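In listed order, ligands and their atoms are each counted from 1. The model shown is predicted, which means the values in this text are computed figures rather than measured ones.
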Amino acid sequence: MVEIVEVPLPGREYEVRIGAGLLATAGGQIAPLLKRPRVAIVSDETVAAAHLATLEAALDAEGIAHSALRLPPGEATKGWPQFERCVEWLLEEKVERRDVVIALGGGVIGDLVGFAAAVLRRGVRFVQVPTSLLAQVDSSVGGKTGINAPQGKNLIGAFHQPAMVLADIDVLDTLTERDFLAGYGEVVKYGLLGDAAFFDWLEANGAQAARGDKAARAYAVKRSVEMKAEIVLRDETEQGDRALLNLGHTFCHALEKATGYSDRLLHGEGVAIGCALAFELSSRLGLCPQEDPSRVRAHLKAMGMKCDLADIAGDLPGAETLLDLMGQDKKVIDGQLRFILARGIGDSFVTSEVPRDAVLNLLQEQLASRA
Ligand code: GLY
């Protein structure tokens, strides 16, 4: 069964289709978008080895011609050199304004290809075929595209909505358990930021989803995408509410920097730890019930996920340095740190009013518990 979540942005409406076997029928799904039977696909070498043949066969079945570019896998691809290579390849392939580009991959490919589509001939349409859980529930939906700069992550980019998103639940079977759980960090984030009933559901069904249950996975992806679509509709360019999607991210970005964006800490793992810290901070500031941070941590622990600084291997800098790294977050406005805090599970809000000492104390205690 295919679930459809509509993203009805005026003039740029699109569907996120979620279900098993979507890659194998991608030709039929994409065909109605095409003005001529031809697409350009951009993927990475790892994803292409696992899934490109299925996509190509699906396009062949509909008589859609295709060519593919395989970029190196990994975050380092998301910069000017591979972006230039991608844009020039699309031009060499004579992709025209009315054509469609397909991004087949995780967050790096989706962001880079979306940005290439945004600037190619001043904007061509693109279809996201996200192959990681993180990309299915977050980065493929909502139109944030871009690349990293030497000065920081995601500093160069554009809002450019996809023409369609095909989230095939079957492709999640090829993820490692660690990558699945990292993506699950973003799923938990949705429950925590705006839907207590979804968090209840995750407590009851998260383990089943991690074990591979297709129905549980499809529901977790669908509910996450529904929530993201709702927020993007209210605030496409992040003037306000869209910042709620950054629950856990202020802590996460500092921890990612401190660990050198290495596999010591995957982005979704940092989000999970960041969510636990945001709830702990909210409770200490008297904003949310005292039992909420324990409940958040208990679920993350039950899933076998990282939830404390103690769960990060290797050295970490001191609390002051971590706080400084938070100050370099791109969401800082007028030098004020912005946090997403919570009044309870499913009830988050954006604030700049967080006493520096409260954050510092929390980090110091967490770091001391690593000793
Ligand atoms: N990943 C956060 C956003 O799309 O706004």
Side-chain angles (χ1 to χ4, degrees), residues 5-9 12 14 16 18 75 78 103 105-115 117-118 126 128 130-148 152-162 165 167 179 182-195 198 220-257 261 265-275 278 326 329-333 338-342 348-350:
V5 179
E6 314 263 355
V7 187
L9 287 163
R12 306 181 305 298
Y14 58 97
V16 182
I18 301 153
E75 187 73 25
K78 215 175 125 176
V108 167
I109 289 296
D111 285 6
L112 180 143
V113 177
F115 184 37
F126 78 116
Q128 291 267 23
T131 56
S132 68
L133 179 59
L134 189 136
Q136 291 194 351
V137 299
D138 186 28
S139 57
S140 68
V141 180
K144 277 192 183 174
T145 71
I147 56 174
N148 302 329
K153 280 184 78 174
N154 296 324
L155 293 181
I156 304 154
F159 286 98
H160 187 53
Q161 299 293 340
V165 182
D179 280 329
Y184 188 83
E186 296 277 2
V187 174
V188 171
K189 176 193 82 176
Y190 287 106
L192 295 177
L193 76 86
D195 186 351
F198 184 43
V221 173
K222 176 180 165 246
R223 184 64 198 128
S224 300
V225 170
E226 277 173 354
M227 292 188 67
K228 176 140 193 188
E230 236 169 71
I231 291 172
V232 168
L233 270 185
R234 289 207 299 272
D235 179 22
E236 184 184 5
T237 57
E238 199 167 313
Q239 306 303 310
D241 269 9
R242 187 165 179 164
L244 292 173
L245 295 171
N246 296 318
L247 175 63
H249 283 63
T250 306
F251 287 109
C252 169
H253 288 152
L255 295 171
E256 281 185 294
K257 272 197 181 148
Y261 300 101
L265 186 73
L266 303 179
H267 175 72
E269 294 173 337
V271 171
I273 295 175
C275 285
M326 286 184 197
D329 194 286
K330 70 178 180 303
K331 309 285 186 315
V332 168
I333 297 179
R338 274 201 305 168
F339 279 90
I340 318 304
L341 295 182
S348 294
F349 63 99
V350 187

**Request:** Could you pull out all residues at least two apart from Phe115 that satisfy ring-ring contact (aromatic ring centres under 6.0 Å, His included)?
**Result:** Phe83
What does the contact table look like for ligand 1 (nitrogen or oxygen on each side, cut-off under 3.5 Å)?
residue	atom	partner	partner atom	Å
ligand 1	1 (N)	Asp138	OD1	3.1
ligand 1	1 (N)	Asp138	OD2	3.1
ligand 1	4 (O)	Lys228	NZ	2.6
ligand 1	4 (O)	Arg242	NH2	2.8
ligand 1	5 (O)	Lys144	NZ	2.9
ligand 1	5 (O)	Arg242	NE	2.7
ligand 1	5 (O)	Arg242	NH2	3.4

**Asked** When you measure from the side chain of Asn148 to the backbone N and O of Asn154, does any donor-acceptor pair fall under 3.5 Å?
**Response** yes
**Request:** Identify, with sequence neighbours excluded, every residue that meets salt bridge (Lys or Arg N to Asp or Glu O under 4.0 Å) alongside Asp235.
**Result:** none
**Asked** Does Arg223 have any salt bridge (Lys or Arg N to Asp or Glu O under 4.0 Å) partners at least two apart in sequence or in another chain, and if so, which?
**Response** Asp195, Glu226
**Asked** Side-chain contact, heavy-atom cut-off 4.5 Å: Ser224 with Asp138?
**Response** no
**Asked** Do any N or O atoms from the side chain of Thr250 and from the backbone of Met326 form a donor-acceptor pair under 3.5 angstrom?
**Response** no
